[in-house]
Protein chains: 2
Amino acid sequence: MTISGTETGATSRLAVHDRVYASLRDALITGRIAPGLGVSLRSLAADLGVSPMPVRDAVRRLAAERALAINPANKRLSVPSLTADRLEQLALARSLIEPELAQRAAEQTDAVLISRLRRLDATVDLALAEGDVGRYMAANHAFHFTLYRHGRAEVLLTLADSLWLQIGPFMRVVFGRIGTLGLAADHHMAALEGLQQRDPMAVRRAIAADIAMGMDALRADGVSQPTDAAED
Amino acid sequence: MTISGTETGATSRLAVHDRVYASLRDALITGRIAPGLGVSLRSLAADLGVSPMPVRDAVRRLAAERALAINPANKRLSVPSLTADRLEQLALARSLIEPELAQRAAEQTDAVLISRLRRLDATVDLALAEGDVGRYMAANHAFHFTLYRHGRAEVLLTLADSLWLQIGPFMRVVFGRIGTLGLAADHHMAALEGLQQRDPMAVRRAIAADIAMGMDALRADGVSQPTDAAED
DNA sequence: GCAGGCCAATTGTGATCACAGTTTCGCAGG
DNA sequence: CCTGCGAAACTGTGATCACAATTGGCCTGC
(Lines give C-alpha, C1' and ligand atoms only; values in the text may rest on other atoms or scores of the structure.)
Protein backbone atom coordinates (compact mmCIF):
# COMPACT_ATOMS: atom_id res chain seq x y z
CA MET A 1 0.00 0.00 0.00
CA THR A 2 1.30 3.42 -0.89
CA ILE A 3 0.51 6.25 1.45
CA SER A 4 1.72 9.28 -0.41
CA GLY A 5 -1.08 10.85 -2.41
CA THR A 6 -0.80 13.56 -5.00
CA GLU A 7 2.29 15.51 -4.07
CA THR A 8 1.01 19.06 -4.18
CA GLY A 9 4.43 20.64 -3.89
CA ALA A 10 4.87 23.94 -2.04
CA THR A 11 5.14 21.77 1.05
CA SER A 12 8.90 21.68 0.71
CA ARG A 13 9.21 24.54 3.13
CA LEU A 14 7.61 22.63 5.96
CA ALA A 15 9.47 20.37 8.32
CA VAL A 16 9.70 16.74 7.29
CA HIS A 17 7.51 15.55 10.12
CA ASP A 18 4.83 18.03 9.06
CA ARG A 19 4.83 16.67 5.54
CA VAL A 20 4.63 13.15 6.88
CA TYR A 21 1.75 14.20 9.09
CA ALA A 22 -0.03 15.79 6.14
CA SER A 23 0.46 12.67 4.05
CA LEU A 24 -0.88 10.33 6.68
CA ARG A 25 -3.69 12.67 7.56
CA ASP A 26 -4.76 12.93 3.96
CA ALA A 27 -4.57 9.18 3.57
CA LEU A 28 -6.81 8.77 6.61
CA ILE A 29 -9.35 11.45 5.75
CA THR A 30 -9.84 10.12 2.27
CA GLY A 31 -9.91 6.63 3.69
CA ARG A 32 -6.89 5.41 1.77
CA ILE A 33 -5.72 3.33 4.72
CA ALA A 34 -8.03 0.51 5.73
CA PRO A 35 -9.35 0.42 9.31
CA GLY A 36 -7.92 -2.25 11.54
CA LEU A 37 -4.80 -2.41 9.44
CA GLY A 38 -1.52 -2.42 11.30
CA VAL A 39 1.21 0.02 10.38
CA SER A 40 4.74 0.44 11.61
CA LEU A 41 7.10 3.35 11.90
CA ARG A 42 9.77 1.80 9.75
CA SER A 43 7.45 0.68 6.98
CA LEU A 44 5.82 4.09 6.81
CA ALA A 45 9.25 5.69 6.78
CA ALA A 46 10.34 3.48 3.93
CA ASP A 47 7.14 4.24 2.02
CA LEU A 48 7.67 7.96 2.39
CA GLY A 49 11.40 7.87 1.87
CA VAL A 50 12.37 9.41 5.19
CA SER A 51 13.95 8.19 8.39
CA PRO A 52 11.71 6.73 11.11
CA MET A 53 12.24 9.80 13.27
CA PRO A 54 9.83 12.28 11.65
CA VAL A 55 7.33 9.48 11.14
CA ARG A 56 7.43 8.89 14.84
CA ASP A 57 6.56 12.53 15.45
CA ALA A 58 3.70 12.49 12.97
CA VAL A 59 2.31 9.25 14.32
CA ARG A 60 2.37 10.53 17.88
CA ARG A 61 0.40 13.53 16.77
CA LEU A 62 -2.15 11.42 14.96
CA ALA A 63 -2.43 9.07 17.91
CA ALA A 64 -3.17 12.03 20.16
CA GLU A 65 -5.96 13.01 17.77
CA ARG A 66 -7.24 9.42 17.89
CA ALA A 67 -6.67 9.07 14.16
CA LEU A 68 -4.33 6.19 14.91
CA ALA A 69 -4.60 3.69 17.72
CA ILE A 70 -1.78 2.35 19.85
CA ASN A 71 -2.27 -1.10 21.27
CA PRO A 72 -1.52 -0.55 24.96
CA ALA A 73 -0.16 -4.08 25.34
CA ASN A 74 2.42 -4.36 22.62
CA LYS A 75 2.49 -0.66 21.68
CA ARG A 76 1.84 -1.49 18.06
CA LEU A 77 0.13 0.94 15.74
CA SER A 78 -3.06 0.40 13.82
CA VAL A 79 -5.88 2.30 12.21
CA PRO A 80 -8.77 2.35 14.70
CA SER A 81 -11.37 -0.25 13.83
CA LEU A 82 -14.96 0.67 13.17
CA THR A 83 -17.61 0.11 15.81
CA ALA A 84 -21.20 1.27 15.91
CA ASP A 85 -20.61 2.87 19.30
CA ARG A 86 -17.72 4.96 18.07
CA LEU A 87 -19.75 6.04 15.07
CA GLU A 88 -22.66 7.19 17.22
CA GLN A 89 -20.37 9.27 19.39
CA LEU A 90 -18.65 10.81 16.42
CA ALA A 91 -22.00 11.63 14.86
CA LEU A 92 -23.19 13.27 18.05
CA ALA A 93 -20.01 15.26 18.53
CA ARG A 94 -20.06 16.43 14.92
CA SER A 95 -23.67 17.55 15.26
CA LEU A 96 -22.74 19.56 18.34
CA ILE A 97 -19.63 21.25 16.98
CA GLU A 98 -19.93 21.73 13.25
CA PRO A 99 -23.26 23.55 12.99
CA GLU A 100 -21.85 26.10 15.42
CA LEU A 101 -18.83 26.60 13.18
CA ALA A 102 -21.05 26.91 10.13
CA GLN A 103 -23.20 29.51 11.80
CA ARG A 104 -20.20 31.56 12.88
CA ALA A 105 -18.81 31.43 9.37
CA ALA A 106 -22.14 32.55 7.98
CA GLU A 107 -22.26 35.50 10.33
CA GLN A 108 -19.22 36.98 8.67
CA THR A 109 -19.56 35.69 5.16
CA ASP A 110 -18.28 37.48 2.09
CA ALA A 111 -18.42 37.09 -1.67
CA VAL A 112 -15.07 35.38 -2.08
CA LEU A 113 -16.04 32.69 0.43
CA ILE A 114 -19.26 31.96 -1.39
CA SER A 115 -17.58 31.73 -4.77
CA ARG A 116 -14.89 29.45 -3.39
CA LEU A 117 -17.52 27.20 -1.85
CA ARG A 118 -19.47 27.11 -5.10
CA ARG A 119 -16.38 25.93 -6.89
CA LEU A 120 -15.71 23.24 -4.30
CA ASP A 121 -19.32 22.09 -4.41
CA ALA A 122 -19.03 21.76 -8.16
CA THR A 123 -16.01 19.53 -7.63
CA VAL A 124 -18.01 17.46 -5.18
CA ASP A 125 -20.81 17.02 -7.71
CA LEU A 126 -18.36 16.15 -10.43
CA ALA A 127 -16.69 13.52 -8.27
CA LEU A 128 -20.09 12.06 -7.42
CA ALA A 129 -21.06 11.94 -11.08
CA GLU A 130 -17.82 10.23 -11.98
CA GLY A 131 -18.02 7.91 -9.01
CA ASP A 132 -14.54 8.99 -7.92
CA VAL A 133 -14.64 8.17 -4.23
CA GLY A 134 -11.25 9.60 -3.34
CA ARG A 135 -11.90 12.89 -5.06
CA TYR A 136 -15.35 13.10 -3.50
CA MET A 137 -13.95 12.61 0.00
CA ALA A 138 -11.28 15.23 -0.54
CA ALA A 139 -13.63 17.78 -2.08
CA ASN A 140 -16.29 17.25 0.57
CA HIS A 141 -13.70 17.79 3.26
CA ALA A 142 -12.47 20.92 1.53
CA PHE A 143 -16.00 22.30 1.26
CA HIS A 144 -16.78 21.85 4.93
CA PHE A 145 -13.51 23.16 6.24
CA THR A 146 -13.30 26.12 3.91
CA LEU A 147 -16.60 27.09 5.46
CA TYR A 148 -15.60 26.24 9.01
CA ARG A 149 -12.27 28.04 8.83
CA HIS A 150 -14.15 31.20 8.00
CA GLY A 151 -15.81 31.02 11.41
CA ARG A 152 -12.53 32.07 13.00
CA ALA A 153 -12.99 29.73 15.95
CA GLU A 154 -9.67 28.01 16.37
CA VAL A 155 -10.66 25.85 19.31
CA LEU A 156 -13.85 24.50 17.78
CA LEU A 157 -12.13 24.05 14.45
CA THR A 158 -9.51 21.84 16.04
CA LEU A 159 -12.24 19.66 17.51
CA ALA A 160 -13.95 19.32 14.15
CA ASP A 161 -10.61 18.49 12.59
CA SER A 162 -10.04 15.64 14.97
CA LEU A 163 -13.54 14.31 14.42
CA TRP A 164 -13.15 14.20 10.65
CA LEU A 165 -9.87 12.43 11.04
CA GLN A 166 -11.65 9.75 12.99
CA ILE A 167 -14.65 9.44 10.76
CA GLY A 168 -12.80 9.34 7.45
CA PRO A 169 -12.29 5.56 7.49
CA PHE A 170 -16.01 5.05 8.16
CA MET A 171 -17.03 7.12 5.17
CA ARG A 172 -14.61 5.44 2.87
CA VAL A 173 -15.83 2.01 3.82
CA VAL A 174 -19.47 2.81 3.23
CA PHE A 175 -18.88 4.70 -0.01
CA GLY A 176 -16.62 2.01 -1.24
CA ARG A 177 -19.33 -0.53 -0.50
CA ILE A 178 -22.55 1.12 -1.63
CA GLY A 179 -21.07 3.46 -4.20
CA THR A 180 -21.48 7.21 -4.16
CA LEU A 181 -25.22 7.37 -4.54
CA GLY A 182 -26.11 10.93 -5.40
CA LEU A 183 -27.27 12.20 -2.09
CA ALA A 184 -24.69 14.47 -0.59
CA ALA A 185 -24.73 17.70 -2.55
CA ASP A 186 -28.24 18.80 -1.71
CA HIS A 187 -27.51 20.23 1.70
CA HIS A 188 -24.44 21.98 0.34
CA MET A 189 -26.77 23.88 -1.96
CA ALA A 190 -29.00 24.80 0.97
CA ALA A 191 -25.95 26.04 2.87
CA LEU A 192 -24.85 28.15 -0.06
CA GLU A 193 -28.35 29.54 -0.34
CA GLY A 194 -28.27 30.47 3.34
CA LEU A 195 -24.93 32.20 2.92
CA GLN A 196 -26.24 34.16 -0.05
CA GLN A 197 -29.33 35.23 1.92
CA ARG A 198 -27.24 36.19 4.95
CA ASP A 199 -29.17 33.74 7.07
CA PRO A 200 -26.73 32.12 9.53
CA MET A 201 -29.37 29.93 11.13
CA ALA A 202 -30.29 28.50 7.75
CA VAL A 203 -26.64 27.63 7.18
CA ARG A 204 -26.51 26.02 10.59
CA ARG A 205 -29.56 23.91 9.80
CA ALA A 206 -28.18 22.94 6.41
CA ILE A 207 -24.90 21.72 7.86
CA ALA A 208 -26.70 19.92 10.67
CA ALA A 209 -28.86 18.17 8.07
CA ASP A 210 -25.80 17.34 5.99
CA ILE A 211 -24.12 15.69 8.95
CA ALA A 212 -27.26 13.84 10.00
CA MET A 213 -27.74 12.51 6.50
CA GLY A 214 -24.16 11.37 6.08
CA MET A 215 -24.30 9.67 9.44
CA ASP A 216 -27.58 7.98 8.60
CA ALA A 217 -25.96 6.59 5.48
CA LEU A 218 -23.16 5.18 7.58
CA ARG A 219 -25.57 3.77 10.11
CA ALA A 220 -27.79 2.22 7.47
CA ASP A 221 -24.80 0.43 6.01
CA GLY A 222 -24.22 -1.16 9.37
CA VAL A 223 -20.56 -0.69 10.01
CA SER A 224 -20.93 -2.19 13.45
CA GLN A 225 -19.09 -5.39 12.66
CA PRO A 226 -15.40 -5.38 13.62
CA THR A 227 -14.37 -4.97 9.99
CA ASP A 228 -11.01 -6.60 10.23
CA ALA A 229 -10.13 -5.14 6.84
CA ALA A 230 -7.08 -6.99 5.59
CA GLU A 231 -9.29 -9.89 4.51
CA ASP A 232 -9.70 -10.18 0.72
CA MET B 1 10.17 26.12 38.10
CA THR B 2 9.75 22.47 38.97
CA ILE B 3 7.31 20.45 36.91
CA SER B 4 7.19 17.18 38.69
CA GLY B 5 4.38 17.07 41.19
CA THR B 6 3.71 14.43 43.82
CA GLU B 7 5.22 11.25 42.46
CA THR B 8 2.39 8.80 42.89
CA GLY B 9 4.50 5.78 42.11
CA ALA B 10 2.96 2.77 40.34
CA THR B 11 3.76 4.66 37.16
CA SER B 12 7.10 2.90 36.92
CA ARG B 13 5.61 0.34 34.57
CA LEU B 14 4.69 2.93 31.96
CA ALA B 15 7.01 4.10 29.24
CA VAL B 16 9.13 7.10 30.08
CA HIS B 17 7.38 9.36 27.63
CA ASP B 18 4.06 8.44 29.20
CA ARG B 19 5.29 9.45 32.61
CA VAL B 20 6.62 12.69 31.19
CA TYR B 21 3.27 13.27 29.51
CA ALA B 22 1.45 12.61 32.76
CA SER B 23 3.73 15.01 34.63
CA LEU B 24 3.30 17.83 32.15
CA ARG B 25 -0.39 17.19 31.84
CA ASP B 26 -0.87 17.32 35.57
CA ALA B 27 1.17 20.48 35.76
CA LEU B 28 -1.03 22.07 33.12
CA ILE B 29 -4.39 20.91 34.49
CA THR B 30 -3.61 22.17 37.95
CA GLY B 31 -2.18 25.31 36.41
CA ARG B 32 1.32 24.82 37.77
CA ILE B 33 2.85 26.17 34.57
CA ALA B 34 2.09 29.80 33.82
CA PRO B 35 0.42 30.69 30.51
CA GLY B 36 2.60 32.43 27.97
CA LEU B 37 5.69 30.96 29.51
CA GLY B 38 8.22 29.47 27.15
CA VAL B 39 9.53 25.98 27.70
CA SER B 40 12.18 23.96 25.93
CA LEU B 41 12.71 20.28 25.39
CA ARG B 42 16.11 20.22 27.00
CA SER B 43 15.13 22.24 30.05
CA LEU B 44 12.10 20.02 30.64
CA ALA B 45 14.25 16.97 30.16
CA ALA B 46 16.73 18.25 32.71
CA ASP B 47 13.90 19.05 35.14
CA LEU B 48 12.50 15.56 34.87
CA GLY B 49 15.83 13.80 34.77
CA VAL B 50 15.37 12.13 31.41
CA SER B 51 16.76 12.53 27.95
CA PRO B 52 15.14 15.03 25.57
CA MET B 53 13.73 12.19 23.49
CA PRO B 54 10.71 11.12 25.58
CA VAL B 55 10.04 14.77 26.38
CA ARG B 56 9.81 15.39 22.68
CA ASP B 57 7.19 12.66 22.38
CA ALA B 58 5.15 13.98 25.28
CA VAL B 59 5.33 17.55 24.04
CA ARG B 60 4.18 16.53 20.58
CA ARG B 61 1.21 14.83 22.12
CA LEU B 62 0.33 17.84 24.23
CA ALA B 63 0.75 20.15 21.27
CA ALA B 64 -1.68 18.00 19.30
CA GLU B 65 -4.17 18.44 22.14
CA ARG B 66 -3.54 22.15 22.08
CA ALA B 67 -2.28 22.06 25.64
CA LEU B 68 1.01 23.46 24.40
CA ALA B 69 1.56 25.90 21.57
CA ILE B 70 4.28 25.77 18.96
CA ASN B 71 5.31 29.07 17.47
CA PRO B 72 5.09 28.36 13.74
CA ALA B 73 7.91 30.78 12.98
CA ASN B 74 10.71 29.68 15.28
CA LYS B 75 9.10 26.38 16.34
CA ARG B 76 9.56 27.27 19.95
CA LEU B 77 7.28 25.91 22.66
CA SER B 78 5.11 27.86 25.02
CA VAL B 79 2.02 27.50 27.15
CA PRO B 80 -0.89 28.97 25.18
CA SER B 81 -1.72 32.46 26.35
CA LEU B 82 -5.14 33.38 27.63
CA THR B 83 -7.57 35.26 25.43
CA ALA B 84 -11.24 35.98 25.95
CA ASP B 85 -12.06 34.45 22.60
CA ARG B 86 -10.38 31.16 23.42
CA LEU B 87 -12.18 31.09 26.76
CA GLU B 88 -15.58 31.59 25.14
CA GLN B 89 -14.98 28.78 22.73
CA LEU B 90 -13.76 26.45 25.43
CA ALA B 91 -16.79 27.31 27.55
CA LEU B 92 -19.13 26.59 24.68
CA ALA B 93 -17.44 23.32 23.77
CA ARG B 94 -17.48 22.18 27.37
CA SER B 95 -21.19 22.97 27.69
CA LEU B 96 -21.86 20.89 24.58
CA ILE B 97 -19.79 17.84 25.49
CA GLU B 98 -19.68 17.43 29.24
CA PRO B 99 -23.39 17.44 30.11
CA GLU B 100 -23.82 14.64 27.59
CA LEU B 101 -21.10 12.64 29.32
CA ALA B 102 -22.66 13.32 32.71
CA GLN B 103 -26.06 12.16 31.51
CA ARG B 104 -24.65 8.97 30.05
CA ALA B 105 -22.83 8.24 33.29
CA ALA B 106 -26.01 8.85 35.25
CA GLU B 107 -27.92 6.43 33.07
CA GLN B 108 -25.79 3.58 34.29
CA THR B 109 -24.89 4.72 37.75
CA ASP B 110 -24.17 2.41 40.64
CA ALA B 111 -23.51 2.65 44.34
CA VAL B 112 -19.74 2.49 44.15
CA LEU B 113 -19.64 5.41 41.72
CA ILE B 114 -21.77 7.54 44.00
CA SER B 115 -19.67 6.80 47.05
CA ARG B 116 -16.47 7.53 45.17
CA LEU B 117 -17.87 10.83 43.97
CA ARG B 118 -18.98 11.72 47.48
CA ARG B 119 -15.47 11.16 48.71
CA LEU B 120 -14.00 13.29 45.94
CA ASP B 121 -16.52 16.05 46.56
CA ALA B 122 -15.51 16.03 50.19
CA THR B 123 -11.91 16.52 49.12
CA VAL B 124 -13.00 19.42 46.94
CA ASP B 125 -14.79 21.05 49.85
CA LEU B 126 -11.82 20.50 52.11
CA ALA B 127 -9.46 22.07 49.61
CA LEU B 128 -11.79 25.03 49.24
CA ALA B 129 -11.99 25.46 53.01
CA GLU B 130 -8.22 25.33 53.31
CA GLY B 131 -7.72 27.58 50.33
CA ASP B 132 -5.45 24.98 48.74
CA VAL B 133 -5.73 25.90 45.08
CA GLY B 134 -3.65 23.04 43.71
CA ARG B 135 -5.54 20.41 45.63
CA TYR B 136 -8.85 21.97 44.68
CA MET B 137 -8.00 21.89 41.00
CA ALA B 138 -6.88 18.27 41.18
CA ALA B 139 -9.90 17.14 43.19
CA ASN B 140 -12.34 19.01 40.99
CA HIS B 141 -10.81 17.39 37.94
CA ALA B 142 -11.01 13.98 39.57
CA PHE B 143 -14.67 14.51 40.46
CA HIS B 144 -15.71 15.43 36.95
CA PHE B 145 -13.74 12.74 35.19
CA THR B 146 -14.64 9.96 37.56
CA LEU B 147 -18.20 10.80 36.63
CA TYR B 148 -17.48 11.19 32.91
CA ARG B 149 -15.48 7.99 32.63
CA HIS B 150 -18.51 6.12 33.89
CA GLY B 151 -20.38 7.24 30.78
CA ARG B 152 -18.31 4.78 28.73
CA ALA B 153 -18.06 7.17 25.80
CA GLU B 154 -14.44 7.06 24.76
CA VAL B 155 -14.70 9.57 21.93
CA LEU B 156 -16.55 12.22 23.91
CA LEU B 157 -14.30 11.64 26.90
CA THR B 158 -11.24 12.37 24.81
CA LEU B 159 -12.75 15.66 23.71
CA ALA B 160 -13.52 16.63 27.29
CA ASP B 161 -9.99 15.68 28.25
CA SER B 162 -8.50 17.99 25.69
CA LEU B 163 -10.78 20.83 26.74
CA TRP B 164 -9.78 20.57 30.41
CA LEU B 165 -6.17 20.53 29.40
CA GLN B 166 -6.70 23.81 27.64
CA ILE B 167 -8.78 25.45 30.32
CA GLY B 168 -6.60 24.52 33.27
CA PRO B 169 -4.34 27.54 33.01
CA PHE B 170 -7.38 29.84 32.94
CA MET B 171 -8.78 28.38 36.12
CA ARG B 172 -5.51 28.57 37.95
CA VAL B 173 -5.06 32.20 37.06
CA VAL B 174 -8.48 33.24 38.27
CA PHE B 175 -8.40 31.17 41.45
CA GLY B 176 -4.93 32.34 42.19
CA ARG B 177 -6.13 35.90 41.81
CA ILE B 178 -9.52 35.98 43.51
CA GLY B 179 -8.97 33.10 45.87
CA THR B 180 -11.16 30.04 46.06
CA LEU B 181 -14.36 31.74 47.09
CA GLY B 182 -16.74 29.05 48.19
CA LEU B 183 -18.87 28.68 45.13
CA ALA B 184 -17.99 25.51 43.36
CA ALA B 185 -19.25 22.62 45.40
CA ASP B 186 -22.96 23.40 45.23
CA HIS B 187 -23.60 21.93 41.79
CA HIS B 188 -21.59 18.86 42.71
CA MET B 189 -24.16 18.23 45.43
CA ALA B 190 -27.00 18.65 42.94
CA ALA B 191 -25.29 16.17 40.62
CA LEU B 192 -24.91 13.66 43.43
CA GLU B 193 -28.55 14.14 44.31
CA GLY B 194 -29.52 13.44 40.70
CA LEU B 195 -27.42 10.29 40.67
CA GLN B 196 -29.04 9.11 43.88
CA GLN B 197 -32.52 9.76 42.48
CA ARG B 198 -31.70 8.00 39.19
CA ASP B 199 -32.51 11.20 37.32
CA PRO B 200 -30.00 11.52 34.44
CA MET B 201 -31.44 14.78 33.19
CA ALA B 202 -31.00 16.35 36.61
CA VAL B 203 -27.35 15.29 36.56
CA ARG B 204 -26.99 16.77 33.09
CA ARG B 205 -28.45 20.06 34.27
CA ALA B 206 -26.26 20.10 37.36
CA ILE B 207 -23.09 19.62 35.35
CA ALA B 208 -24.19 22.18 32.80
CA ALA B 209 -24.77 24.64 35.62
CA ASP B 210 -21.42 23.79 37.17
CA ILE B 211 -19.65 24.53 33.90
CA ALA B 212 -21.59 27.73 33.30
CA MET B 213 -20.79 28.97 36.77
CA GLY B 214 -17.11 28.20 36.54
CA MET B 215 -16.94 29.89 33.19
CA ASP B 216 -18.80 32.92 34.48
CA ALA B 217 -16.23 33.22 37.24
CA LEU B 218 -13.48 33.17 34.65
CA ARG B 219 -15.26 35.69 32.47
CA ALA B 220 -15.97 38.00 35.39
CA ASP B 221 -12.33 38.03 36.28
CA GLY B 222 -11.60 39.31 32.81
CA VAL B 223 -8.81 37.13 31.60
CA SER B 224 -8.98 38.78 28.21
CA GLN B 225 -5.72 40.66 28.57
CA PRO B 226 -2.72 38.88 27.04
CA THR B 227 -1.56 37.88 30.50
CA ASP B 228 2.14 37.67 29.82
CA ALA B 229 2.47 35.75 33.05
CA ALA B 230 6.06 36.01 34.26
CA GLU B 231 5.33 39.43 35.73
CA ASP B 232 5.41 39.42 39.52
C1' DG C 1 25.59 56.99 26.51
C1' DC C 2 23.68 54.55 22.88
C1' DA C 3 23.24 51.86 18.69
C1' DG C 4 24.88 48.11 15.84
C1' DG C 5 27.17 43.98 14.93
C1' DC C 6 29.48 39.76 16.17
C1' DC C 7 29.97 35.49 18.77
C1' DA C 8 28.45 32.03 21.91
C1' DA C 9 24.66 29.54 23.83
C1' DT C 10 20.29 27.50 23.11
C1' DT C 11 16.68 25.93 20.27
C1' DG C 12 14.04 22.15 17.49
C1' DT C 13 14.99 18.64 13.90
C1' DG C 14 16.52 14.51 11.98
C1' DA C 15 19.67 10.45 11.64
C1' DT C 16 21.71 6.55 13.59
C1' DC C 17 22.39 3.15 16.90
C1' DA C 18 21.46 -0.11 20.85
C1' DC C 19 18.11 -2.60 23.27
C1' DA C 20 14.23 -5.32 24.97
C1' DG C 21 9.93 -7.17 23.87
C1' DT C 22 7.01 -9.42 20.51
C1' DT C 23 5.77 -11.69 16.51
C1' DT C 24 6.51 -14.87 12.84
C1' DC C 25 8.16 -18.47 10.34
C1' DG C 26 10.54 -22.76 9.61
C1' DC C 27 12.25 -26.93 11.11
C1' DA C 28 12.56 -30.86 13.97
C1' DG C 29 10.11 -34.42 16.69
C1' DG C 30 6.24 -37.00 17.52
C1' DC D 1 0.33 -34.48 9.04
C1' DC D 2 0.24 -31.99 13.10
C1' DT D 3 2.34 -29.93 17.23
C1' DG D 4 6.20 -27.24 19.67
C1' DC D 5 10.13 -25.00 20.02
C1' DG D 6 13.80 -21.88 18.71
C1' DA D 7 15.92 -18.55 15.96
C1' DA D 8 15.51 -14.63 13.09
C1' DA D 9 13.07 -10.54 11.87
C1' DC D 10 10.49 -6.78 13.28
C1' DT D 11 8.38 -3.75 16.73
C1' DG D 12 8.53 0.74 19.56
C1' DT D 13 11.67 3.17 22.82
C1' DG D 14 15.31 5.94 24.29
C1' DA D 15 20.07 7.94 23.93
C1' DT D 16 23.39 10.42 21.52
C1' DC D 17 25.17 13.16 17.98
C1' DA D 18 25.32 16.61 14.12
C1' DC D 19 23.25 20.53 12.10
C1' DA D 20 20.96 24.85 10.88
C1' DA D 21 18.38 28.48 12.72
C1' DT D 22 17.39 31.62 16.23
C1' DT D 23 18.23 34.00 20.34
C1' DG D 24 20.69 36.63 23.76
C1' DG D 25 24.43 39.15 25.50
C1' DC D 26 28.67 41.46 25.19
C1' DC D 27 31.70 44.43 23.13
C1' DT D 28 33.20 47.68 19.94
C1' DG D 29 32.61 51.98 17.48
C1' DC D 30 30.33 56.16 16.98
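Protein chains get the first letters and strands the later ones, always in sequence-line order, with residue 1 at the start of each. Quick note: numbers below take in every heavy atom, side chains included, and nothing from hydrogens, waters or symmetry partners.
- Salt bridge present: A:Arg25 and A:Asp161 bring a charged side-chain N and a carboxylate O closer than 4.0 Å.
- Rounding to whole angstrom units, OH of residue A:Tyr21 and P of C:dT13 are separated by 15 Å.
- Close to D:dT11, at under 4.0 Å from its OP1 or OP2, lies a side-chain N or O of A:Ser40.
- Note on B:Arg32 versus B:Asp26: salt bridge recorded, some NZ/NE/NH1/NH2 to OD/OE distance being below 4.0 Å.
- For the pair B:Arg56/A:Asp57, a side-chain contact is recorded, criterion being any heavy-atom separation below 4.5 Å from C-beta on.
- Looking at residues 62-77 of chain A, you'll see A:Lys75, A:Arg76, A:Leu77 sit with a heavy atom under 4.0 Å from some atom of DNA chain D.
- Under 4.0 Å is where a charged nitrogen must lie from a carboxylate oxygen, and between A:Arg61 and A:Glu65 no such pair does.
- Partner of A:Val20 under the side chain to side chain contact (heavy atoms under 4.5 Å, CB included) criterion, chosen from A:Leu44, A:Val55, A:Val59, A:Leu14: A:Val55.
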Per-nucleotide protein contact along nucleotides 14-19 of chain D, 5' to 3', at a 4.0 Å heavy-atom cut-off (B base, S sugar-phosphate only, - neither), is BBB-B-

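- Of the N and O atoms on the side chains of A:Arg60 and B:His17, at least one donor lies less than 3.5 Å from an acceptor on the other residue.
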Could you go step by step and tell me if B:Val155 and B:Thr158 meet the side chain to side chain contact (heavy atoms under 4.5 Å, CB included) rule?
CA-CA 5 Å; B:Val155 175; B:Thr158 300; 5.9 Å; no

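- A:His144 meets the ring pair (Phe, Tyr, Trp, His ring centres under 6.0 Å) test with A:Tyr148, A:Trp164, A:His188; sequence neighbours excluded.
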